[in-house]
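Remember, it's a predicted structure, so these values are computed and weren't measured experimentally.
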Amino acid sequence: MTGLKERLAHSLTAQVVLSFAIVMPLSLLTVLIEPGEALGAALVRGVLVAAGSAVFLVVRQLRHRALTGGVDALVTSERRLTRGQVPEDPAGREAMRGLLAQRRGELRRSGRALPFFVLMLAALPMLFLKNGRSVDAVATLVLGAAFVGFLLVMRRRNLRRVQVMEKALAPEADAPDARASAH
């Protein structure tokens, strides 16, 4: 699985193809689930969603390239952050600092957006209840609560990783002589 993950991280084309390969069958599945659904509408919806995800992937990769100096540096920094490995070389440390600054900003923005997301997830079961579909409301509420719980756990894990790596990359960690002379 790690090999596939690394290949996908290096290849934007593979990410876009995988996006289309996942989204298109799912959008066509709606034709089977909803008998009145038009095939053309499902295809157009699938293409639009997959194209939107492709644009997101391209913009994300361009931002990462500008931030870390290339895809290879980004993949290496991401892997080191996930494993908790502190880079030794100055270029690796600088790439890691850039990645940490970006992650810190993403975590801050996602923290502000989370209450609105929870409200949207809570509104959906209310709409189902209003229409008299109590089973759908309960199912949506349970899935929404599980998803929000998953988001909170992952956010906490990523925040802890960023804090630990920032502490390891602190200026006094760069200069061991300064620490030794202070005592």
So the salt bridge (Lys or Arg N to Asp or Glu O under 4.0 Å) pairs with at least one residue in residues 113-128 (sequence neighbours excluded) are none
Contacts under 3.5 angstrom, residues 128-136 side chains, donor-acceptor by atom type, not counting sequence neighbours:
unit_1 : atom_1 : unit_2 : atom_2 : d
Asn131 : ND2    : Leu127 : O      : 3.4
Arg133 : NE     : Asp136 : OD2    : 2.7
Arg133 : NH2    : Asp136 : OD2    : 2.7

Arg80 and Pro87 have their tightest heavy-atom pair at NH1-CB, 3.1 Å
Practice problem: Determine whether Glu106 and Asn158 make a side-chain contact, defined as any pair of heavy atoms from C-beta on separated by less than 4.5 Å. | Solution: no
Apply side-chain contact (heavy atoms from CB on, under 4.5 Å) to Leu143 and Phe147, showing your working. CA-CA 6 Å; Leu143 287 174; Phe147 186 63; over 6 Å; no
- Query: Under 4.5 Å between side-chain heavy atoms, hopping through other hydrophobics if needed: is there a path connecting Val49 to Val59?
  - Reply: no
Quick note, salt bridge (Lys or Arg N to Asp or Glu O under 4.0 Å) partners involving residues 142-163, not counting sequence neighbours, are none
Please tell me if the side chains of Leu159 and Arg103 come closer than 4.5 Å, counting only heavy atoms from C-beta onward.
-> no
CD1 of Ile33 to CG of Leu26, rounded to nearest 0.5 Å, is 9.0 Å
Closest heavy-atom pair, Val23 versus Ala50, reported as atoms and distance to 0.1 Å, is CG1-N, 4.0 Å
To the nearest 0.5 Å, atom CZ of Arg45 lies from atom CE of Met24 at 10.0 Å
Looking only at heavy atoms, the pair that brings Ser27 and Gly46 closest together is OG-CA, 3.5 Å
Query raised in the report: Can you get from Met120 to Val148 by hopping between Ile, Leu, Val, Met, Phe, Trp and Tyr side chains that sit under 4.5 Å apart?
Result: yes
Please answer: with hydrophobic residues joined when any side-chain heavy atoms are less than 4.5 Å apart, are Val47 and Val58 in the same cluster? yes
Original post:
With the threshold set at 4.0 Å, does a side-chain nitrogen-carboxylate oxygen contact exist between Glu166 and Arg97?
Top reply: no
